[in-house]
Amino acid sequence: MSNNNFITSNIFLFSLHQFLLLVHAKPLVPALYVFGDSLFDSGNNNVLPTMARANFPPYGHNFVQHFTGRFTNGRTLPDFIAEFLELPYPPPYLGIHDSVPLTGLNYASSACGILPQTGTIFGKCLSLGEQIDLFKWTIESKLPTHFNSLEELSKHLADSIFIFTTGSNDYIQNYLEPTLFSTNHDYDPQSFAQLLIDDLSNHFQSVYKLGARKIIMHEIAPLGCIPHYTRKYQVVVGKCHEQTNQIVSYFNTKLHELLKSLTSSLQGSILVLARINSLGYDVITNPSKYGYSDASNPCCTTWGNGSAACIPLLEPCPNPNQHFFWDGYHNTETGNSVAASLCFNTSEFCTPFSIKDLIQI
């Protein structure tokens, strides 16, 4: 079977899996809690006063519910992880009007990042700190009514999976935009990475104090390979802007060290690193290996000649599964499928434990 047929078959099986979940299935963990940016956002920004939204076609082109606010053609990485865990998709927190589901929530918000000022040029979004504040409100004011004791609630949280992706926008919408923010002038790349890591460390410790024990954090992807930067710097097809990748690498190196340190210092915690950077780089520089015919150009027609978000209502390319990129920043759901499968099954990608391993711990 070719790589492309493998990806297509995987996506069909995921769809079938989600259908069967609605009929019968006992989840492998109590809940999946999601934090991050547009890579994970499933609709929170729909109700915020911001231009950073994806609640219009062609976003959701291949998603059963169509344009929900997901910044891709189909499912996000957390959607696929939820399917593996036999859980429903965690709904966007800001879209919940009735009782809070016990199977998890999605707090991710497009354009935002670790630093509070990141993303504000587009309007209001939820910084990582604000997302954690909303999670705190959830477990202090909403979840306790569903449990007989605080011990039961604590076990629910300790056995659940917490998945994060953040930091990309602190570069794309902040550090790498020196005309808009002063961080590029105030910090060299290593110092800026340390600033982000210090803040991130505090946020992880906050989530730990609230009850999280099994935490997965994704590296920042190779930003120099996304169309936003390859178009900006007129990079040859199949290549990346390596100076941008180098700047981001300082964060990823420090992230590895942080997660190991916190796992050692926070009793009972397991902080897992998802090696998304090397995977993304390999896909973009060796697309045929993964069944892609195009790993350089967006599938949808975007603003800025392929370097930004999809233009509303325009028909996308006829074969999105052949494209790695959906718009100037985000990949198609096929990439999310591959990454989710690797994280669930292999400790080489999600290290030192795969999600399958975490379930048993």
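Computed from a predicted structure; not experimentally measured.
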Verify side-chain contact (heavy atoms from CB on, under 4.5 Å) between Leu200 and Phe251, making sure each step is shown before the conclusion.
CA-CA 11 Å; Leu200 186 61; Phe251 174 89; 4.1 Å; yes
Examine distances only and state if a side-chain atom of Thr263 and a backbone atom of Leu259 form a donor-acceptor pair shorter than 3.5 Å.
yes
More than 12 heavy atoms of other residues, nucleotides or ligands under 6.0 Å from CD of Gln243: is that the case?
no
Where at least one partner belongs to residues 304-318, residue pairs that pass side chain to side chain donor-acceptor pair (under 3.5 Å), sequence neighbours excluded
none
Other residues, nucleotides, ligands: >12 heavy atoms within 6.0 Å of Lys254 NZ
yes
Quick one: is the NZ or CZ of Arg70 closer than 6.0 Å to the six-membered ring centre of Tyr59, and within 45° of its axis?
no
Checking the side chain of Thr103 only, and the main-chain atoms of Leu87 only, is there a donor and an acceptor separated by less than 3.5 Å?
no
Listed pairs under 3.5 Å, donor-acceptor, residues 217-225 side chains, sequence neighbours left out:
from   : atom 1 : to     : atom 2 : distance (Å)
His218 : ND1    : Phe164 : O      : 3.1
Glu219 : OE1    : Ile276 : N      : 3.2
Glu219 : OE1    : Asn277 : N      : 2.9
Glu219 : OE2    : His256 : NE2    : 2.7

Assign the ring pair Tyr171 / Phe192 to parallel, tilted or perpendicular, where the plane angle (0 to 90°) is split at 30° and 60°.
perpendicular
With sequence neighbours left out, what residues match His241 under ring pair (Phe, Tyr, Trp, His ring centres under 6.0 Å)?
Tyr233
Charged N-O contact under 4.0 Å between Lys136 and Glu130
no
Sequence neighbours excluded, every pair satisfying disulfide bond (SG atoms under 2.5 Å apart) that has a member inside residues 67-121
Cys112-Cys125
Holding to side chain to side chain donor-acceptor pair (under 3.5 Å), I want the full list of residues that pass it with Gln246, two or more places apart in sequence or in another chain.
Ser249, Tyr250
Sequence neighbours excluded and cut-off under 3.5 Å, please list the side-chain donor-acceptor pairs for residues 42-51, or say none.
from  : atom 1 : to     : atom 2 : distance (Å)
Ser42 : OG     : Asn106 : ND2    : 3.2
Asn44 : OD1    : Tyr93  : N      : 3.1
Asn44 : OD1    : Leu94  : N      : 2.9
Asn44 : ND2    : Asn106 : O      : 2.9
Asn44 : ND2    : Ala108 : O      : 2.9
Asn45 : OD1    : Ser109 : OG     : 2.6
Asn45 : OD1    : Ser110 : N      : 3.3
Asn45 : ND2    : Ala52  : O      : 2.9
Asn45 : ND2    : Ser110 : O      : 3.0
Asn46 : ND2    : Thr68  : O      : 2.8
Thr50 : OG1    : Ala52  : N      : 3.0
Thr50 : OG1    : Phe122 : O      : 3.3

Assess the cysteine pair Cys299 / Cys317: is their SG-SG separation shorter than 2.5 Å?
yes
